[in-house]
Amino acid sequence: MTAPIVTRFAPSPTGFLHIGGARTALFNWLYARKFGGKMLLRIEDTDRERSTEPAIAAILDGLKWLGIDWDGDTVFQFARADRHREVAEQLLAAGKAYHCYATADELREMREKARAEGKSKLYDGRWRDRAATAAEAGMKPTIRLKAPLTGETVIDDQVQGRVVWQNENLDDLVLLRGDGNPTYMLAVVVDDHDMGVTHVIRGDDHLINAARQKQIYDALGWELPSMSHIPLIHGPDGSKLSKRHGALGVDAYRAMGYVPAALRNYLVRLGWSHGDQEIFSTEEMIAAFDLSAIGRSAARFDFAKLENLNGHYIRHSDDQALVTMFEDVLSYVSNGAAVKAKLNDVTRAQLLQAMPGLKERAKTLIELIDNASFIFADRPLAMEPKATAVLTPETRALIGKLQPVLAKVTDWSAATTEAAMRTFAEANGLKLGAIAQPLRVALTGKTTSPGIFDVLAVLGRDECLARLADQASV
RNA sequence: GCUCCCUUCGUCUAGCGGUUAGGACGUCGCCCUCUCACGGCGAAAACAGCGGUUCGAUUCCGCUAGGGAGCACCA
């Protein structure tokens, strides 16, 4: 019987859940689910200045929207400060740590000196073996780890491979601040240990922290969890992801009309692959996910591919489910309220009826909303610029001739209106397209739409004839 | 500057010593067609450079170049 897998997602609540964090959460979640383990959630709120309640809410909301759930109660790191202090004291008592009375000025000097000499070690260890009596009175000391001076610190990373640091390049890190608060480095180690975390899966930016944390684990005599440092996500130009690029909160992706399944699928394939497979259901993702298949280089964020995937998931979604998604997303999009005001049993039914045609041509829910606008439009129709150009005196006349023909259709449906139109076209020596386009414009105010016969059927006889009358001239 | 990581089509990637270097997105053709999409068919498009190791390197090693991360009493 092997020990159960425990992973964790540990965001610091200083902002929204960004796309990189979402991927990290996803990977942790997949790994835990694959092995029937647990994924824990820990909010790293020890930075009291920057941590906010809205940020916590945004992160939880983002995870929920993405369909990522976690096990057990959410752990708040700040609440565990006493325990962190206790461990620091324990290390101190065991001679594995020491009080450091160096002042901020001294530390700055050391840093400048190190840089000038090309050394990576910032702190010179001056209080390592010095008695506290030498300290200035009233000075609050920090507690520093007595890190090994020689040898090497090795991390066998599941993604990055074996990574080695020479201990002479690693200085004595601060465990407890002068004000008695634990540092991130200490808190993470203690929390991961106490929470029983077996696998740490996090961003590449923590790779060096792994070495420092390993030293704390060693001093404590605790076993280091399995480490996996996944490459970061870059902007389309290869530079660090910034607000200019895709460093948006997941809520922004929701507002752009992306669906969770598509974002999950896109994110999982960013840096991870399973042969040539591109589309993964959640079950397939869980079954196929594997740390060893994660690449080591950073991946650029590509909206075009996300959009393609999103279109795929929209096309393959159930019509009724799409109506629900349509309705839900209205709360998050700019002109959503206006559409929402028009939703009633009639328009909802029309939307459902039009959905097979609508979903074929929408890459995002925004496009879906836009293409469905003919259902919610008021007469007389607002015309988009390109549509206006279609309405020439000739095409208006054509609409005028067509209207009585359609008026004769009593058993109104896509099939009967199509038959009437084809007969009309033939009788006038016209191609179907020559009539379909003006008709489309008159009915939707746009030059593109789902199949025109579907539009006719969805709108119904009376509404269609009225809209045609608005644009016709005889 | 220092420590560490990375490098296959424009992008995401497959490849784990011998392949016509595969797939997907995007791009460009053609077909389908009432528009736009969808779908189908096809095309262009990559092993960063230089040295080794080897009968043979995209694959192993080294160097160079180019990216990236970190370097706090932040997380």
Side-chain angles (χ1 to χ4, degrees), chain A residues 10-14 44-47 49-51 77 100 102 104 107-108 111 114-123 140-144 155 157 159-161 163-166 169-171 173-179 181-185 187-188 203-211 229 231-232 234 236 238-240 266 269-279 295-309 311 315 357-363 367 371 390 418 421-422 425 431-437 439-441 444 446-453 455:
Chain A
S12 56
T14 53
E44 307 211 321
D45 56 351
T46 54
D47 185 340
E49 298 290 307
R50 296 194 297 155
S51 299
Q77 192 162 60
C100 169
L107 289 171
R108 187 167 35 76
R111 220 170 292 146
R115 182 166 282 238
E117 291 173 356
K119 300 267 176 60
S120 65
K121 203 161 176 167
L122 268 19
Y123 177 71
K140 294 271 189 197
T142 60
I143 293 179
R144 282 184 187 268
I155 299 293
D157 195 278
V159 173
Q160 302 294 335
V163 187
V164 180
W165 287 267
Q166 297 305 314
N169 291 324
L170 267 15
D171 57 11
L173 64 267
V174 173
L175 299 171
L176 208 63
R177 301 194 180 97
D179 63 5
N181 284 125
T183 60
Y184 162 79
M185 222 56 86
V188 167
D204 215 352
D205 49 339
H206 286 289
L207 185 58
I208 292 174
N209 292 338
H229 289 88
L232 269 19
H234 285 178
S239 66
K240 189 179 174 179
Y266 178 70
R269 279 285 291 103
L270 210 54
W272 175 81
S273 61
H274 185 66
D276 283 340
Q277 189 171 352
E278 297 285 347
I279 305 293
R296 296 203 237 184
S297 55
R300 299 184 190 200
F301 195 90
D302 182 11
F303 270 101
K305 188 146 185 173
L306 205 211
E307 201 159 87
N308 172 271
L309 237 20
R315 283 195 295 283
L358 247 18
K359 70 182 181 186
E360 284 297 317
R361 50 211 102 209
K363 292 200 285 288
E367 288 181 11
N371 289 333
V390 174
E418 175 168 1
M421 293 260 308
R422 289 193 182 276
K431 286 189 172 177
L432 186 59
I435 309 165
Q437 196 58 359
L439 183 65
R440 166 174 292 110
V441 165
T444 68
K446 306 165 81 129
T447 53
T448 65
S449 80
I452 190 63
F453 307 115
V455 170

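Excluded from the calculations below are hydrogen atoms, water molecules and symmetry mates; all remaining heavy atoms, backbone and side chain alike, are included. Here is how names work: the chains are called A, B, and so on, in the same order as the sequence lines, proteins then strands, and each is numbered from 1.
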(request) Write down the distance separating the C1' atoms in B:rG66 and B:rU8, rounded off to the nearest Å. (result) 16 Å
(message) Base of B:rA24, side chain of A:Asn308 - is there a donor-acceptor contact under 3.5 Å?
(response) no
Could you list the protein-to-nucleotides 44-46 of chain B atom pairs, N/O on both sides, closer than 3.5 Å?
none

(request) Could you say whether A:Ala102 or A:Ala114 is positioned toward the 5' end of RNA chain B, judged by the nucleotide with the nearest heavy atom to each? (result) A:Ala114
(message) Can you tell me if A:Glu49 has over 12 outside heavy atoms packed within less than 6.0 Å of its CD?
(response) no
(request) Assign A:Leu122 to base, sugar-phosphate, or nothing according to its heavy-atom contacts below 4.0 angstrom with the strands shown. (result) sugar-phosphate
(request) Counting Watson-Crick and G-U wobble pairs only, both distances under 3.5 Å, name the nucleotide matched with B:rU20, or none. (result) none
(request) Answer with yes or no whether A:Arg440 presents, from its side chain, a donor or acceptor under 3.5 Å of a partner atom in the base of B:rC34. (result) yes
(request) Look through every strand shown and name the nucleotide pairing with B:rA43 as Watson-Crick or G-U wobble, where both distances are under 3.5 Å. (result) B:rU27
(message) Would the base of B:rG23 count as contacting A:Gln277 through its side chain, where contact means a donor and an acceptor less than 3.5 Å apart?
(response) no
(message) Regarding A:Gly451, tell me which of base, sugar-phosphate or nothing describes its non-hydrogen contacts under 4.0 Å with the strands shown.
(response) base
(request) Give one of base, sugar-phosphate or nothing for A:His206, where a contact means two heavy atoms less than 4.0 Å apart. (result) base
(request) From the options B:rC34, B:rG1, B:rC6, select the nucleotide whose nearest atom is closest to the side chain of A:Gln160. (result) B:rC6
(message) Taking any heavy-atom pair under 4.0 Å as a contact, classify A:Asp45: base, sugar-phosphate, or nothing.
(response) nothing
(request) Check every strand shown and say whether A:Pro11 touches a base, only sugar-phosphate, or nothing at a heavy-atom separation below 4.0 Å. (result) nothing
(request) Could you tell me whether A:Leu439 contacts a base, only the sugar-phosphate backbone, or nothing, with contacts defined as non-hydrogen atoms closer than 4.0 Å? (result) nothing
(message) Could you check whether any side-chain heavy atom of A:Tyr266 comes within less than 4.5 Å of a side-chain heavy atom of A:Phe303, counting everything from C-beta outward?
(response) no
(request) Select base, sugar-phosphate, or nothing to describe what A:Val164 touches, counting heavy atoms under 4.0 Å on all strands. (result) sugar-phosphate
(message) Let's see if you can work this out: which of B:rC38, B:rC5, B:rA69 has an atom nearest to the side-chain heavy atoms of A:Glu360?
(response) B:rC38
(request) Please state the C1' separation for the pair B:rA75 and B:rC6 - nearest whole angstrom. (result) 24 Å
(request) Classify the nucleic acid contact of A:Glu44 as base, sugar-phosphate or nothing, counting any heavy atom under 4.0 Å across all strands shown. (result) sugar-phosphate
(message) Heavy atoms only, 4.0 Å cut-off, all strands: where does A:Thr14 land among base, sugar-phosphate and nothing?
(response) nothing
(message) So A:Ile452, base contact, sugar-phosphate only, or nothing? Heavy-atom distance under 4.0 Å.
(response) base
(request) Kindly point out which of B:rA75, B:rA69, B:rA37 is positioned nearest to the side chain of A:Asp205? (result) B:rA69
(message) A:Met185 vs A:Asn209, test: side-chain contact (heavy atoms from CB on, under 4.5 Å). Steps then yes/no.
(response) CA-CA 7 Å; A:Met185 222 56 86; A:Asn209 292 338; 3.4 Å; yes
Pick out the pairs of N or O atoms, protein on one side and nucleotides 14-19 of chain B on the other, that lie under 3.5 Å.
from, atom 1, to, atom 2, distance (Å)
B:rA14, OP1, A:Ser273, OG, 3.0

(request) Check every strand shown and say whether A:Thr448 touches a base, only sugar-phosphate, or nothing at a heavy-atom separation below 4.0 Å. (result) base
(request) Go ahead and name the base partner of B:rC4; Watson-Crick or wobble counts if both distances stay under 3.5 Å, otherwise write none. (result) B:rG68
(request) Measure distances between side-chain N and O atoms of A:Lys305 and base N and O atoms of B:rA24, and say whether any donor-acceptor pair falls under 3.5 Å. (result) yes
(message) Of the options B:rC38, B:rC4, B:rC73, whose atoms approach the side-chain atoms of A:Arg315 most closely?
(response) B:rC38
(request) Could you check whether A:Phe453 gets within reach of a base, just the sugar-phosphate, or nothing at all, counting any heavy atom under 4.0 Å? (result) base
(message) Using OP1 and OP2 only, check whether a side-chain N or O of A:Arg296 sits under 4.0 Å from B:rC6.
(response) yes
(message) Please report the distance separating the P of B:rA43 from the corresponding atom of B:rC60, rounded so that it comes out in whole Å.
(response) 31 Å
(message) Can you identify which nucleotide, out of B:rC5, B:rA75, B:rC6, has its nearest atom closest to the A:Ser297 side chain?
(response) B:rC6
(message) Please give the distance between the P atoms of B:rC9 and B:rA21 as a whole number of Å.
(response) 15 Å
(message) Measuring only the P atom in each nucleotide, how far is B:rC63 from B:rU3? A whole number of Å is fine.
(response) 13 Å
(request) Return no unless some side-chain N or O of A:Thr46 is found under 4.0 Å from OP1 or OP2 of B:rA75. (result) yes
(request) Tell me which nucleotide among B:rG1, B:rG26, B:rA75 gets nearest to the side chain of A:Asn209. (result) B:rA75
(message) Measuring only between side-chain heavy atoms, which start at C-beta, is A:Leu173 closer than 4.5 Å to A:Thr183?
(response) no
(message) Please determine whether a side-chain nitrogen or oxygen atom of A:Arg422 lies at a distance below 4.0 Å from atom OP1 or OP2 of B:rC34.
(response) yes
(request) Check every strand shown and say whether A:Arg50 touches a base, only sugar-phosphate, or nothing at a heavy-atom separation below 4.0 Å. (result) base
(message) Checking contacts here: which listed nucleotide (B:rG23, B:rC73, B:rA69) is nearest the side-chain heavy atoms of A:Ile208?
(response) B:rA69
(request) Please identify each residue that fulfils salt bridge (charged side-chain N to carboxylate O under 4.0 Å, His left out) with A:Lys305, with sequence neighbours left out. (result) A:Glu278
(message) Taking any heavy-atom pair under 4.0 Å as a contact, classify A:Gly433: base, sugar-phosphate, or nothing.
(response) sugar-phosphate
(request) Counting heavy atoms from C-beta on, name the nucleotide in B:rC71, B:rC73, B:rC4 closest to the side chain of A:Arg111. (result) B:rC73
(message) I'd like to know if A:Arg361 reaches the base of B:rC36 with its side chain such that a donor and an acceptor end up less than 3.5 angstrom apart.
(response) yes
